[in-house]
Amino acid sequence: GQNIDQPTEMTATEGAIVQINCTYQTSGFNGLFWYQQHAGEAPTFLSYNVLDGLEEKGRFSSFLSRSKGYSYLLLKELQMKDSASYLCAVRDFSQGGKLIFGQGTELSVKP
Amino acid sequence: KAGVTQTPRYLIKTRGQQVTLSCSPISGHRSVSWYQQTPGQGLQFLFEYFSETQRNKGNFPGRFSGRQFSNSRSEMNVSTLELGDSALYLCASSLASGDNTGELFFGEGSRLTVL
């Protein structure tokens, strides 16, 4: 089976840095993904990690440790528009390669 | 390039009825996945189609079914609707099945309310 855990809610201040953690258990890991979903909108792709380490993309970075079953999404210089749900997802080849999502972390950015 | 298009965007049904939702993927994308999103359960995988074949299926009852046409457009059907089927149904397309980049492109969803 597969289990993906991430915090339900987080609050941070505009201009600050926030780290959203994700832990997973899978038998056929083949990549971890982060998506952003604003209220009432479709999820949009943020990042992809398949090897250990940090992937940086502008204000957003994502880290993966396969041995620990752990990832985080780091958001720097927070802006009000970053208020959204952040979804961690894992592709598992033991389940046919489908993408399985965590419940999402609702991030609120305050002024 | 047009994005993923889902129709209808909103619909209201009563218990026992059936519903069909449609999804047109991005041009050139051959894989279509369907997800159910609810506040309590998050995004739950329903099924994935590639080249008119179901490649993967989630843990949903047989009332949930789908198909894909030769032009990659996909439909999903829910029969004998229950109150608990009220949800946002999201369709996502990608170039190929199990595309390693993981970049699924989602539509805006079809919001189903069952009364």
Side-chain angles (χ1 to χ4, degrees), chain A residues 1-9 20 22-24 26 28-51 55 57 60 62 64 66 71 73 84-107, chain B residues 2-7 9-10 21 23-26 29-51 53-60 66 87-111:
Chain A
Q2 205 164 34
N3 194 37
I4 302 173
D5 288 313
Q6 48 182 134
T8 306
E9 304 178 316
I20 303 174
C22 171
T23 58
Y24 64 89
T26 180
F29 177 83
N30 195 46
L32 187 140
F33 314 90
W34 286 94
Y35 282 77
Q36 179 192 59
Q37 186 178 23
H38 285 100
E41 297 183 12
T44 55
F45 174 82
L46 286 178
S47 70
Y48 164 70
N49 295 69
V50 68
L51 299 176
E55 294 283 340
K57 204 185 278 188
F60 292 11
S62 57
L64 174 67
R66 288 172 296 170
S71 172
L73 180 69
S85 182
Y86 291 86
L87 310 172
C88 173
V90 173
R91 189 177 295 284
D92 186 349
F93 268 159
S94 73
Q95 294 196 51
K98 61 189 177 190
L99 203 57
I100 307 298
F101 284 81
Q103 298 246 16
T105 298
E106 192 69 39
L107 174 67
Chain B
V4 178
T5 305
Q6 291 188 246
T7 56
R9 289 292 313 279
Y10 303 92
L21 308 177
C23 172
S24 294
I26 291 172
H29 284 193
R30 297 170 63 192
S31 175
V32 173
S33 300
W34 288 89
Y35 289 83
Q36 181 196 66
Q37 187 173 35
T38 57
Q41 299 293 319
L43 270 162
Q44 300 286 307
F45 176 81
L46 280 157
F47 22 65
E48 180 194 3
Y49 288 88
F50 180 75
S51 292
T53 302
Q54 188 179 87
R55 294 294 301 268
N56 264 308
K57 191 175 190 308
N59 298 320
F60 279 81
L88 179 67
Y89 290 88
L90 289 163
C91 166
S93 77
S94 61
L95 276 170
S97 178
D99 182 5
N100 280 350
T101 68
E103 189 159 3
L104 296 180
F105 294 83
F106 283 87
E108 297 286 338
S110 293
R111 185 165 294 282

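Side-chain atoms are counted along with the backbone in the values below, which use heavy atoms only and exclude waters and symmetry mates. Since we're looking at a predicted model, the values are computed, not measured. Chain letters run A, B, ... following the sequence lines, proteins first and then strands; every chain starts at 1.
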Part of B:Leu90 within contact of chain A (heavy atom distance under 4.5 Å): side chain

Under 4.5 Å, counting heavy-atom pairs only, tell me which of B:Gln6, B:Gln41, B:Arg111 racks up the most with chain A. B:Gln41

Can you give me the closest heavy-atom contact between A:Ala42 and B:Gly107, atom names plus distance? CB-O, 2.9 Å

Measuring from atom CZ of B:Phe45 to atom CG of A:Leu99, what distance do you get when rounded to the nearest 0.5 angstrom? 9.0 Å

Enter the distance from B:Phe106:CZ to A:Phe45:CZ here, rounded to the nearest 0.5 Å. 11.5 Å

Name the region of B:Tyr35, side chain, backbone, both or neither, that has any atom closer than 4.5 Å to a heavy atom of chain A. side chain

Tell me, side chain or backbone of A:Leu87 under 4.5 Å from chain B's heavy atoms, or both, or neither? side chain

Heavy-atom side-chain proximity of B:Leu104 to A:Tyr35 below 4.5 angstrom: yes

Can you tell me how far the CD atom of A:Gln103 sits from the CD atom of B:Gln37, to the nearest 0.5 Å? 10.0 Å

If I compare all heavy atoms of B:Lys57 with all of A:Lys98, which pair ends up nearest, and what's the gap? O-NZ, 3.2 Å

